[in-house]
2 protein chains.
Amino acid sequence: MSDTQRRRHTRYRQQVRELLSGSEEFLSAQTVHTMLRSQGLPIGLTTVYRNLQALTKDGTVDALRTSTGEQIFRHCSPVQHHHLMCRHCSRAVEVTGPALDQWATALAEVHGFTDINHSVEIFGTCGSCADTDHQI
Amino acid sequence: MSDTQRRRHTRYRQQVRELLSGSEEFLSAQTVHTMLRSQGLPIGLTTVYRNLQALTKDGTVDALRTSTGEQIFRHCSPVQHHHLMCRHCSRAVEVTGPALDQWATALAEVHGFTDINHSVEIFGTCGSCADTDHQI
DNA sequence: ATAGATGCAAACGATTTGCAGTCTG
DNA sequence: CAGACTGCAAATCGTTTGCATCTAT
């Protein structure tokens with residue numbers, strides 16, 4: 001749960017890393033697996049999971065949880081940004097909040113916390129879905 | 001997925017609601033189940049899940065996900081507050097951020113979103129865990 | 001009566017692990 | 001060569017569902 005052991009340089013880990021580097025989206029392990037397979041890479045789902053885990057542990061990628069409990073990953077971005085997503089169509093808008101980030105950091109420090117990391121998820125009904133008169 | 005159907009007034013749902021009303025903590029379904037059983041209530045785990053789901057749908061309780069993907073519930077509080085938690089010992093501090101809440105609401109509206117709901121989770125290493133020289 | 005509520009067992013979906021074979025440093 | 005890495009199948013774990021049985025209204 002805490003070892004950042006020596007890693008070998010393998011083709012698959014490299015591919016997983018590259019795929020994430022080339023996307024600004026948060027992707028699920030299953031999606032990463034499907035994408036790599038469709039690129040003709042015969043990688044196994046287990047390997048994808050293990051590599052995403054390793055990359056997360058090494059701080060190469062960030063991991064998050066969707067509201068359904070599914071894990072999603074994205075390459076670490078220098079700028080922290082958050083998400084505004086529609087609970088009906090899952091449309092997502094990336095937003096940043098410098099003030100918010102500072103607040104979170106300061107707040108955590110005041111409470112004696114270090115090595116801070118935070119995430120903000122805003123859920124709502126987007127315009128088109130509201131129009132469609134979706135039942136909640 | 002969207003029906004707030006007519007609910008009957010039953011002993012079990014009442015107990016689940018009361019248990020949550022009496023706690024400021026976020027509790028998992030399993031915990032709620034265990035607590036009710038230890039009170040001598042012969043309720044089934046399935047029923048706990050179904051009631052927590054119903055209460056969440058009716059807006060009586062709020063549901064969240066832990067970093068392990070587990071769902072946790074708490075009675076809705078009039079004031080929105082967020083969490084600062086230690087990634088090692090899971091110690092949590094409740095914090096409020098009026099400015100943040102306004103920012104989130106305004107931001108969502110600007111993007112045409114309605115029926116907004118947001119959550120902020122801040123993770124870090126708390127003082128005691130940092131002292132203990134925990135391996136990351 | 002009649003539709004919602006409940007319990008149990010089986011089903012599920014995402015993630016993890018055991019194990020044997022493979023490959024990197 | 002030793003220790004990482006990989007794949008497959010089986011195991012977990014939290015949560016959901018099918019179904020027959022109760023029970024509130």
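Throughout, a chain's letter reflects where its sequence line sits, starting with A, and its residues are numbered from 1. Values reported hereafter were calculated over all heavy atoms of this structure, with side chains retained and with hydrogens, waters and symmetry mates removed.
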Working to the nearest 0.5 Å, report the span between [atom1] of [X] and [atom2] of [Y].
| X | Y | atom1 | atom2 | answer |
| --- | --- | --- | --- | --- |
| A:Leu84 | A:Ile122 | CG | CD1 | 5.5 Å |
| A:Arg65 | B:Arg65 | CZ | CZ | 8.5 Å |
| B:His33 | B:Ser38 | NE2 | OG | 10.5 Å |
| A:Asp101 | A:Thr96 | CG | OG1 | 8.0 Å |

Linking directly or through intermediates, with side-chain heavy atoms under 4.5 Å: list the remaining ILVMFWY members grouped with [X], chain and number order.
| X | value |
| --- | --- |
| B:Leu52 | B:Tyr12, B:Val16, B:Leu19, B:Leu20, B:Leu27, B:Val32, B:Met35, B:Leu36, B:Leu41, B:Ile43, B:Val48, B:Leu55, B:Val61, B:Phe73 |
| B:Leu45 | B:Tyr49 |
| A:Phe26 | A:Leu64, A:Ile72 |

For this session: Using chain A heavy atoms and a threshold of under 4.0 Å, write down where along DNA chain C the contacts begin and end, 5' to 3'.
Result: C:dA14 to C:dG25

For this session: Report the residues that fulfil side chain to side chain contact (heavy atoms under 4.5 Å, CB included) with A:Thr68, sequence neighbours left out, ordered by chain and then residue number.
Result: A:Thr66, A:Glu70

Problem set entry | Results of side chain to side chain contact (heavy atoms under 4.5 Å, CB included) for B:Gln53 - residues two or more places apart only | none

Problem set entry | Partner set under ring pair (Phe, Tyr, Trp, His ring centres under 6.0 Å) for B:His118, not counting sequence neighbours | B:His82

Exercise. For the helix from C:dA1-D:dT25 to C:dA14-D:dT12, what angle lies between the axis at the first five pairs and the axis at the last five pairs, to 10 degrees?
Worked result: 30°

List, with names and distances, any nitrogen or oxygen atoms from the protein found under 3.5 Å away from nitrogen or oxygen atoms belonging to nucleotides 23-25 of chain D.
{"residue": "D:dT23", "atom": "O2", "partner": "B:Arg8", "partner atom": "NH1", "Å": "3.1"}
{"residue": "D:dA24", "atom": "N3", "partner": "B:Arg8", "partner atom": "NH1", "Å": "3.4"}
{"residue": "D:dT25", "atom": "OP1", "partner": "B:His9", "partner atom": "N", "Å": "3.4"}

Exercise. So, B:Gln14 and B:Arg17: side-chain donor and acceptor under 3.5 Å apart, yes or no?
Worked result: yes

Exercise. In residues 49-56 of chain A, which residues come under 4.0 Å of DNA chain D by heavy atom?
Worked result: A:Arg50, A:Asn51

Exercise. Listed in order of residue number, which residues of residues 12-32 of chain A have a non-hydrogen atom at under 4.0 Å from DNA chain D?
Worked result: A:Tyr12, A:Arg13

Exercise. Can you check the A:Arg37 CZ to D:dT6 C1' distance for me, whole Å?
Worked result: 12 Å

Exercise. CG of A:Leu45 versus P of D:dC5: gap in Å, rounded?
Worked result: 18 Å

For this session: Show your reasoning for whether side chain to side chain donor-acceptor pair (under 3.5 Å) applies to A:Ser28 and A:Thr31.
Result: CA-CA 5 Å; A:Ser28 71; A:Thr31 301; 2.7 Å; yes

For this session: Return the set of residues passing side chain to side chain donor-acceptor pair (under 3.5 Å) with B:Glu24 (not counting sequence neighbours), or none when no residue passes.
Result: B:His75

Problem set entry | Heavy-atom closest contact (B:Cys126 atom, A:Phe113 atom, distance) | CB-CZ, 3.7 Å

Exercise. Does the A:Arg74 side chain pair with the main chain of A:Asp62, one donor and one acceptor, at a distance under 3.5 Å?
Worked result: no

